[in-house]
Amino acid sequence: MTAPTARRVEPSVEVPISVTVNGEAVEAVVPARQLLADFLREELRLTGTHVGCEQGICGACTINLDGEPVRSCIMLAAQVDGSAITTVEGLSSEGLSPLQQAFKDNHGLQCGFCTPGFLMTLSTVDPEEYPGEEGIREAISGNLCRCTGYGGILQAVRTAWNRPQDG
Amino acid sequence: MTDTWELGGRPVYTGAHVTRRQDDALLSGRGTYVADLRPSGMAEMAVVRSPVAHGRITAVRTAEAAAVDGVIEVITAADLTDVAPYPNFAAYTQTPGTFPLAQDKVRYAGSPVAVVLAENRYIAEDAAELVEVDYTELPAVTSLEAALEPDSPRLFEDWSNNRLLDLQPDDSEVAAILAGNRVLRRRYKMGRHTAMPMETRAALAEVHNGRLHLWCTNQHAHIARTTLSYVLPLAERDIRVVIPYVGGGFGLKQHLYPEDVLVSWLALRHGRPVRFVEDRAEHMIAAAHARDHMIDIEAAIADDGRILAMRVQVVQDLGSAEIFPGAWCPALTTAAHMTGPYDIRDCVVSVAAVTTNKTPGGSYRGFGVPEAVFALERFIDEIADEVGVDRLDLRRSMLLQPADLPYTTASGALLDSGSFAESFERVVELGEHAYQRADAQYRSDPDSRVGVGYAVLFEGVSPTHHGASAHWMGHESCTIEVQPDGGVRVASGVTDQGQGTTTFVATLTADALGVPIETVRVELADSDATPYGLGAFGSRQAVIGGGAILLAAAEVQGKVKKIAAHMLEAPTDDLVIEAGRVHVAGSPVRAVTMADIATTAVIRTIDLPPGMEPGLEATARYEPELMEHTPDEKGRINANAAYANAAHAAVIRVDLGTGEIEILDYILAHDCGTVINPPIVDGQIWGGIAQGLGGTLYEDLCFNDLGQPQTAFMDYLVPSAIEIPDLVIEHFESPSPNTPLGMKGVGEGGTVGPAAAIGNALAQALAEFSPQIHETPLSPAVVRAMIPDQRT
């Protein structure tokens, strides 16, 4: 058996973008094929956005893009021209936000790799759209955590959303 | 060695909810993982992997890839002329002769064949696609049953079969008992899982002042350093291994993988930093798989169902076995746990670990114990059904009672303490109550069946490393230094993959010295900064690392008291150490601070007691006395420093239409001896149960007959928050008389029980259909097939 027929590699085209990241204006020329996660991590050195799968499954790379939770591993940097982005580094300018503090107080993290994704998802959703205990689970169902079994995370969200546990 | 383990100070922090040290950094995105490092001048590596499961390499053409702009070099095994194969120290196994890149053959799809080094990962991946490899394909061995066949194709031509390990102990005594009694036989299998940490593997190598610095995700800084010195042409003193923040290990990161060697070799060759960050698609086929066991039990059964004797055969599918340390030890661990916490005096286990053309198996949380517990606990329920006795009473008739302890199992494990019967009864009480509730709720629903299942287990924790490596044993190390300002630096060989190691090291150090925890700085996982230790495996770090901390602290504290006694002109026996001050008992104002004492010890040494050496630090190593490293002539071994225990209950609802299992209640009573940090212990249990449930219900790594992996990340269903129920966790504390502070490890206990508890619950729920429940995963399709299409 022979490896698949090789294809020629063409040089990348570059694209200029203007984007606001954590409140700061950024002008950049990015390779057209550069993933948004790589732009944030490698160019802006905002390494709090973690890449867990590059397939849009695990949710670790979730960022806030114009108010929506977005997976930065399956989006190109070139697509965010004109947008405003918040990453985990921008969640709080001083100390921990109430949500971050709730994670800390409730043992809502262990290795911390998935944590920025959970925080960014939760910081962009409206709790009222996710009522009850099942709502909390649904809100975070697109983020995978392999350490906690979600117990501490659920408790953190209940605390942050001021929502007593059912039963 | 101390006769009694004590904290030197009042336990201010031990047992309390001490918040974790890393959380502020991790919550604000400032935790630095390997992939976050990017030294200037860094190049990146991509691996060309075999698409063929079993084949001979006949040609590798790299010229086209090497010509791509931005490519620095393309290498194959032929370039690694100064690299040695990974060693094998286990004389009782055959040797795979693992090399970082495939030499003449590939033995699994995903095997590294060539490496492209380029200016960045994008270019490296582009060029990797241009590397052409010719293979002559060979028939693939894709199951452990096939590997056991006498005429099976062999992965290693210089072996006479595919059995890397084949231990057949004398079974004549058990055979005699079997011959005279009713015998029951069953076969159980557990599917192929993987740890799937959210952070994939990563490594970054750099040459600094003529030394190799490797930042990596490995669980052991020193074992990694030593192993690199075996494989690379480098003295160990010229290697520094640093493990920064790690995004979960769970055993998968115990192995020193080819990529760790390759980044190091390339950094040395090119004199520039080289980084490898595995992507998830690679992780699915190139990071360690686990489980994939088959267990045959034959047991002699008394009239009341009690097991009189057992003959067991454990077979583990190792995949290609090209991994270091080797992966056969889970099968040995399964064997050591086959009697469970029951009084079964006669049990003989043969063990085979076979090679197949699949991703190398390796370590994963549970490490052979979930397999044993699933088989034995299902077997006991099946005996109860067969004999017509109550499954709970059958357990009660065999469970170890407090009066039985200490008890040495048939495999040689010394159960010195535990709450086997008590934890079981508590879980039965809660489980039956939950079942009644579920039954009342769903009794009238024709499409639902509910069931409750139990599992009761012990689990060896803090093991010797010898079973896995036949090289390293079981000690851990600690250096404690009090600096002139009274602050404390503690350095240990233990490592932190997110389980909270750093926090427990600070906790025990502060309490053992009697200083505020804020004054303790913890240094771990840097082979230059820490004494030689064995790091993270087998739920050992609190127990063994804790012992080393207590020993080092006792030595430092002894000196603290002598200096303070001299300064205060009081006898040492009258001194009390508290919150970083030493005062005379009953006279709190007659005091000196830790800073006063340390300044005297290190700077104003003229004020030391006559003849005392300057300095205020100690390095200690702890190796548990009762831990054995090699088995006796009958194969018995007490391979662990301690044994935790647990009882699980699962109440489930089965949807008869879809076969889906819904977990209504999950109850666990756990006993890990003395608890240092309750939230961390609970977090370990929750996370462990989630992984156990994942493997029981959803996760499975499949291969087709060609050895092609069939499971992408999308199909490997790691449970989300929807799938994991709220847990009821009850704590029992049976301190071990033989471990520091009575601690036992907690890292794996949750993972061990779910397969058995769910399997037994399913058997009860579907009892009317007489389901055959002998394998995991119990996916909806598998469960649905147990239910007749036409129900009456």
Side-chain angles (χ1 to χ4, degrees), chain A residues 1-4 6-7 9 11-12 31 33-34 38 41-42 45-55 57-58 60 87-89 91-92 96 100-101 103-107 109-116 119 136-138 140-154 165, chain B residues 19-20 22-24 26-33 35-36 38 51-52 55 64 68-69 122 126-127 129-135 137 195-200 245-248 250 279-280 497-500 679-680 682-683 686-691 713-714 718 720-722 724 726-727 750:
Chain A
M1 177 173 163
T2 307
R7 67 181 160 74
V9 177
S12 300
R33 65 175 179 170
Q34 186 172 48
D38 286 342
R41 291 175 48 78
E42 303 293 336
R45 300 301 289 148
L46 294 169
T47 56
T49 299
H50 297 150
V51 178
C53 70
E54 294 183 272
Q55 302 171 35
I57 297 168
C58 77
T87 67
V88 67
E89 291 91 343
L91 272 184
S92 170
L96 299 177
Q100 289 167 318
Q101 188 66 44
F103 268 68
K104 179 176 177 174
D105 293 342
N106 291 285
H107 198 45
L109 67 157
Q110 289 184 28
C111 80
F113 194 84
C114 70
T115 309
L119 294 172
I136 295 177
R137 290 179 185 267
E138 186 176 340
I140 60 171
S141 64
N143 289 79
L144 296 179
C145 170
R146 194 60 159 167
C147 293
T148 65
Y150 305 99
I153 297 174
L154 292 165
Q165 189 169 4
Chain B
T19 55
R20 295 178 359 127
Q22 307 95 322
D23 285 0
D24 286 1
L26 293 170
L27 284 161
S28 50
R30 288 184 284 109
T32 304
Y33 301 80
D36 301 339
R38 201 185 62 177
V52 168
E64 196 178 358
V68 171
D69 270 357
Y122 285 75
D126 286 344
E129 290 187 15
L130 302 176
V131 174
E132 292 183 15
V133 186
D134 294 344
Y135 301 94
E137 287 196 60
M196 201 68 81
M198 286 296 101
E199 180 207 35
T200 56
Y245 282 94
V246 174
F250 315 119
D279 71 26
R280 188 59 68 179
Q497 289 73 40
Q499 63 274 62
I680 286 180
D682 279 357
W686 271 86
I689 287 179
Q691 291 184 355
F713 185 49
M714 183 65 113
V718 170
S720 78
I722 303 281
I724 303 302
D726 275 323
L727 308 176

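Below, chain A is the first sequence line, B the second, and so on; all start at residue 1.
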Query raised in the report: Under the 3.5 angstrom rule, does the side chain of A/Arg146 hit a backbone N or O of B/Met198 as a donor-acceptor pair?
Result: no
Report task. For residues A/Gln34 and B/Tyr122, report the shortest heavy-atom separation together with the two atoms involved. Result -> CA-OH, 3.5 Å
Query raised in the report: Quick check: does any side chain N or O of B/Arg20 sit under 3.5 Å from a backbone N or O of A/Gln110, one acting as donor and the other as acceptor?
Result: yes
**Report entry** Interchain contact, B/Gln497 with chain A, by part (heavy-atom threshold 4.5 Å)
**Finding:** backbone
Query - Residue B/Ile724 versus chain A: region with a heavy atom under 4.5 Å - result: both
Report task. Let me know if B/Val718 has heavy atoms under 4.5 Å from chain A in its side chain, its backbone, both or neither. Result -> both
Report summary line: Checked A/Gly149, A/Gly142, A/Cys111 vs chain B; the most non-hydrogen pairs under 4.5 Å come from A/Cys111
Report task. Mind checking salt bridge (Lys or Arg N to Asp or Glu O under 4.0 Å) for B/Asp36 and listing every partner two or more places apart, or none if nothing turns up? Result -> A/Arg41
Query raised in the report: Is it the backbone or the side chain of A/Leu119 that comes under 4.5 Å from a heavy atom of chain B, or both, or neither?
Result: side chain
Query - Top of B/Gln691, B/Glu199, B/Arg38 for chain A proximity - count of heavy-atom pairs under 4.5 angstrom - result: B/Arg38
Query raised in the report: Looking at A/Asn106, A/Leu96, A/Ile140, A/Leu91, which makes the most heavy-atom pairs under 4.5 Å with chain B?
Result: A/Leu96
Report task. Give the member of B/Gly683, B/Pro197, B/Gly500, B/Ala690 that has the highest number of heavy-atom pairs under 4.5 Å with chain A. Result -> B/Gly683
Query - Nearest heavy-atom neighbours spanning A/Ser141 and B/Ile722 - result: CB-CG1, 3.5 Å
Query - Choice from A/Gly112, A/Gly48, A/Ala60 maximising heavy atom contacts with chain B below 4.5 Å - result: A/Gly112
Query raised in the report: Out of A/Thr148, A/Thr115, A/Leu154, which one racks up the most heavy-atom pairs below 4.5 Å with chain B?
Result: A/Thr148
Query raised in the report: Relative to chain A, which of B/Asp23, B/Thr19, B/Val246 shows the most heavy atom pairs under 4.5 Å?
Result: B/Asp23
Query raised in the report: Most heavy-atom pairs under 4.5 angstrom with chain A, which of B/Gly687, B/Gly248, B/Ala721, B/Gly55?
Result: B/Ala721
Query - Contacting moiety of B/Arg30, where chain A heavy atoms sit under 4.5 Å - result: neither
Requested in this report: Check whether any side-chain N or O of A/Gln55 sits under 3.5 Å from a backbone N or O of B/Phe713 as a donor-acceptor pair, and report yes or no.
Outcome: no
Query raised in the report: Side chain, backbone, both or neither: which part of B/Ala195 has a heavy atom under 4.5 Å from chain A?
Result: backbone
Query - Proximal component of B/Asp726, with respect to chain A [non-hydrogen, under 4.5 Å] - result: both
Query - Heavy-atom pair of closest approach, residues B/Leu27 and A/Gln100 - result: O-NE2, 2.7 Å
Query raised in the report: Between B/Gln22, B/Met714, B/Gln499, which residue shows the highest count of heavy-atom pairs closer than 4.5 Å to chain A?
Result: B/Met714
Query raised in the report: Sub-3.5 Å donor-acceptor pair from the side chain of A/Glu54 to the main-chain atoms of B/Arg280, do we have one?
Result: no
Report summary line: With sequence neighbours left out, the residues meeting ring pair (Phe, Tyr, Trp, His ring centres under 6.0 Å) with A/Phe113 are A/His50, B/Tyr33
Query raised in the report: Roughly how far apart are B/Ile680 CD1 and A/His107 NE2, rounded to 0.5 Å?
Result: 5.5 Å
Query raised in the report: If you measure from CZ on A/Phe103 to CG on B/Leu26, what distance do you get to the nearest 0.5 Å?
Result: 12.0 Å
Query - Most contacts with chain A, counted as non-hydrogen pairs under 4.5 angstrom, among B/Gly688, B/Gly750, B/Gly247 - result: B/Gly247
